[in-house]
Every structure is written in C-alpha cells, then in structure tokens.
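In what follows, a structure is listed as structure tokens, so that the remarks can point back to it.
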Protein chains: 2
Amino acid sequence: MAYAEQFIDKLRKSGLRPTKQRIKICEVLFDTDKTFHFTIKELVKIIENQANIKVSLATVYNTIHAFIKKGYLKEIPLNASQSYYDTNVTHHHHFFDEEENRLIDIHQDDVDEVNIKKTIPGKKIKSVEVIAKIVSDNQSQK
Amino acid sequence: MAYAEQFIDKLRKSGLRPTKQRIKICEVLFDTDKTFHFTIKELVKIIENQANIKVSLATVYNTIHAFIKKGYLKEIPLNASQSYYDTNVTHHHHFFDEEENRLIDIHQDDVDEVNIKKTIPGKKIKSVEVIAKIVSDNQSQK
DNA sequence: TAATACATTATATTTATTCTAAACTGTTGA
DNA sequence: TCAACAGTTTAGAATAAATATAATGTATTA
C-alpha cells in the first residue's frame with residue numbers, strides 16, 4: 001500500500017494519526033491530479049459509494065477542518081446553506097452559477113491582480129477572494 | 001408621519017403592504033444617511049431596544065428577503081454561521097476581520113476594476129464581489 | 001363596512017454543524 | 001504478551017439559523 005504514503009504524510013503533518021477512515025477520506029480528496037469542489041454531504045456520499053468502510057459525519061468534519069487549518073483544503077467563501085470546500089488551494093477565484101448551484105474555477109491568470117488601496121491600521125490582508133455570480137444570458141429573458 | 005412616506009414607498013415597491021412592523025424595520029434600516037452591516041439577530045435586537053412593538057422573526061426574515069429581491073439590501077457573500085446584510089447597495093467590496101467578526105466597507109474606488117477574462121458560454125456575470133480577510137499584523141506573531 | 005386578501009405570530013420543523021460520552025484501536029513499555 | 005494510555009470513532013444529542021405552518025389579526029377594496 002505504498003501509494004498511501006502521501007496520505008499518511010498529509011495526515012501526520014495535519015496532526016492526525018493515519019486511520020482507515022482518514023485514509024479513505026484522503027483517497028477521495030487527493031488521489032487524483034484533478035481538483036474539485038465539494039460539500040460535506042457530497043463527500044460522505046462519495047465515500048459511501050466507494051468504500052466498504054463506514055465513516056461518521058463527525059470524523060469527516062474533524063478531518064476536513066484539520067486539513068483546512070494545515071492548508072490542504074480551502075473553504076470557498078460563499079453564502080449557501082452548506083459550506084463548499086476546494087481541493088485546489090492555489091490562489092484562484094470562482095464563478096458561482098446560482099441557477100445550477102455550481103462552482104467554476106477562475107484561474108489566477110484570468111483575473112487581474114486585485115489591488116486594494118485601502119488599509120486598516122494594525123491589520124494585514126490574509127486572503128483575497130473574488131466571487132462572480134453568473135446567470136443565464138438568454139436574450140428572451142428580461 | 002410624513003417621514004414614513006419613503007418607507008411606505010419602499011415597502012409598496014417591494015410588493016409589501018405597509019404595516020407597523022415593516023415600517024419599524026424600515027426605520028432601523030433606512031432612516032439615516034449612514035449605511036451599515038447587520039445580521040438578523042442584531043436587527044431584531046435593535047428593534048427590540050428602540051420600539052414598543054414586537055416583531056416576530058418570521059416577519060423580519062420575510063421583509064429582509066423582499067428588500068433583497070428588490071435591491072434595497074444586499075447579502076454579503078461570507079461564510080459565517082449567520083448571514084450578513086448590507087444597507088449599502090452600491091457597488092463596493094469588503095474586508096472581513098476574522099478576529100473581531102467585523103465587516104469593513106472598501107469603496108469601489110479603492111479597488112481596481114476586477115476584470116475577469118474567462119467567460120462561460122450562455123452565462124453572463126451578475127455581480128462581482130471581493131472579500132479580503134484581514135488579521136492582526138503584530139510583529140510578535142509568527 | 002363587509003368581504004377578501006394579505007400579515008403577524010408562536011410554534012414546529014428542517015438542516016448543517018458541533019458536541020458528547022461511550023466504546024474502540026493502536027502504540028508503548030514492562 | 002499484556003496493561004495502560006492517548007488518541008479515534010461513532011451514534012446520537014444538542015445547537016442554532018432559517019423556513020414552514022396554521023390560527024388569528026389587519027389593511028384594502030368595493
């Protein structure tokens with residue numbers, strides 16, 4: 001099971017012991033070159049479909065939060081009833097399609113550097129996120 | 001009660017009848033030149049402190065949603081346990097101070113136009129929001 | 001002013017998330 | 001091998017924001 005080494009490494013670096021359940025979560029999140037967006041509910045569904053092991057909600061939440069703290073995942077700043085997470089932790093932005101409830105990456109190169117001239121004394125900027133909401137562009141619609 | 005005319009007008013244009021409770025909500029939200037941010041909980045608290053009338057949560061939620069639909073209020077796209085709303089509906093952006101749970105306006109002029117080169121077929125951009133998270137800038141902190 | 005349509009309210013419901021406490025597991029050291 | 005311990009998992013309870021419900025109340029209209 002040498003391919004699990006990277007997962008075990010990620011877990012250890014996040015301060016977590018490598019357990020069956022956590023490695024399974026890693027397999028779903030990190031075992032591919034492609035990055036993706038997900039909600040906790042979706043993640044649990046994927047795990048249930050793929051695995052013969054059961055993972056509780058509490059374990060999923062705990063693990064996700066540890067990965068976010070470590071920087072292996074990002075939370076996407078979006079008003080929604082549930083939180084969206086991103087396995088793409090590089091600096092980038094998002095379209096949010098409100099009609100289809102779908103997130104689409106915008107590569108950093110596709111947005112000019114966001115240059116904020118205002119500063120707050122004693123504070124520094126930790127992150128800058130752009131969310132562009134998109135809707136259908138039907139001519140027929142008003 | 002001539003000063004209430006503007007509130008009655010806003011309510012009617014939002015498709016709502018002007019009732020005591022709704023006018024009270026308007027007084028809190030719109031009876032000042034200054035714009036501000038609020039959560040539902042904060043709004044209810046302000047109303048309770050100012051008014052001798054009782055307004056139920058359901059009425060507050062319904063009224064706020066009608067105003068958002070009409071464009072008299074904006075929801076601020078922020079991951080938080082509760083939603084934040086803004087009486088400033090002009091195009092602008094926000095700092096979010098995670099340590100103090102505080103929103104600060106960034107005037108449109110203080111951010112260069114966000115120019116997104118990527119497009120999605122059949123979709124048009126409805127809104128673009130920038131959220132810059134800020135934290136303390138202590139030298140003592142790592 | 002009567003009839004109607006819409007509002008308000010308290011309460012129940014829903015749903016995401018967090019908490020809890022008991023049972024479990026893996027590691028360490030004797 | 002086993003006891004002890006620290007950390008894990010889990011089901012279910014708790015929490016809290018937001019929404020739905022249904023009975024009662026109020027504004028509007030003709």
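Letters A, B, ... are given to chains in the order of the sequence lines, protein chains preceding strands, and every chain is numbered from 1.
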Query raised in the report: Parallel, tilted or perpendicular for A/F7 and A/F30, by the 30°/60° rule?
Result: tilted
Query - Parallel, tilted or perpendicular: rings of A/H92 and A/H94 (30°, 60°) - result: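 A/H94 and A/H92: perpendicular rings.
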Query raised in the report: Please give, in whole Å, the distance from C/dT14 C1' to B/Y61 OH?
Result: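 Spelled out: OH on B/Y61 to C1' on C/dT14 is 13 Å.
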Requested in this report: With sequence neighbours excluded, tell me which residues meet ring-ring contact (aromatic ring centres under 6.0 Å, His included) with B/H107.
Outcome: none
Report task. With B/K10 as the cation and B/Y72 as the aromatic partner, state whether NZ or CZ is under 6.0 Å from the six-membered ring centre and within 45° of the axis. Result ->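 Because its charged atom sits under 6.0 Å from the ring centre and within 45° of the axis, B/K10 does stack over B/Y72.
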Applying side chain to side chain donor-acceptor pair (under 3.5 Å), name anything that partners [X], two or more places apart in sequence or on another chain.
X      : answer
A/S14  : none
A/T32  : none
A/N101 : A/Y84
B/K118 : none

Query raised in the report: Nearest nucleotide by nearest heavy atom, which residue falls closer to the 5' end of DNA chain D, B/K41 or B/P18?
Result: B/K41
Query raised in the report: Along nucleotides 1-10 of chain C, 5' to 3', which nucleotides get a B, which get an S, and which get a -, given that the test is a protein heavy-atom distance under 4.0 Å?
Result: ----BBSSBB
Requested in this report: Look at A/H65 and C/dT18 and indicate whether a side-chain polar atom (N or O) is within less than 4.0 Å of OP1 or OP2.
Outcome: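 The answer is yes; a side-chain N or O of A/H65 sits under 4.0 Å from OP1 or OP2.
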Query raised in the report: Using a heavy-atom distance cut-off of less than 4.0 Å, which residues of residues 79-89 of chain B contact DNA chain D?
Result: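 Contacting residues: B/S81, B/Q82, B/S83.
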Requested in this report: Under 4.0 Å between any heavy atoms, over every strand shown, what does B/R12 touch: base, sugar-phosphate, or nothing? Just pick one.
Outcome: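 Sugar-phosphate, no base atom in range.
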Report task. On DNA chain D, reading 5' to 3', which nucleotide is the first and which the last to sit with an atom under 4.0 Å from a heavy atom of chain A, could you check? Result -> D/dG7 to D/dA11
Query raised in the report: Tell me, what's DNA chain C's dot-bracket, Watson-Crick or G-U with both distances under 3.5 Å, | for other-strand, [ ] crossing?
Result: ||||||||||||||||||||||||||||||
Requested in this report: List in chain and number order the residues that pass salt bridge (charged side-chain N to carboxylate O under 4.0 Å, His left out) with A/E42, two or more places apart in sequence or in another chain; answer none if no residue qualifies.
Outcome: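 A/E42 satisfies salt bridge (charged side-chain N to carboxylate O under 4.0 Å, His left out) with no residue once adjacent residues are dropped.
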Query raised in the report: Listed by chain and number, what are the salt bridge (charged side-chain N to carboxylate O under 4.0 Å, His left out) partners of B/R102, not counting sequence neighbours?
Result: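 Listed in chain order: B/D97, B/E100.
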Query - From OG (B/S127) to NZ (A/K133), nearest 0.5 Å - result: 5.0 Å
Which pairs of donor and acceptor atoms, one on a side chain in residues 54-62 of chain A, lie under 3.5 Å apart (sequence neighbours left out)?
| unit_1 | atom_1 | unit_2 | atom_2 | d |
| --- | --- | --- | --- | --- |
| A/S56 | OG | A/T59 | N | 3.4 |
| A/S56 | OG | A/T59 | OG1 | 3.2 |
| A/N62 | ND2 | A/A58 | O | 3.2 |

Report task. Say whether B/L11 and B/Y85 are linked into one hydrophobic cluster, either directly or through other cluster members, by side-chain heavy-atom distances under 4.5 angstrom. Result -> yes
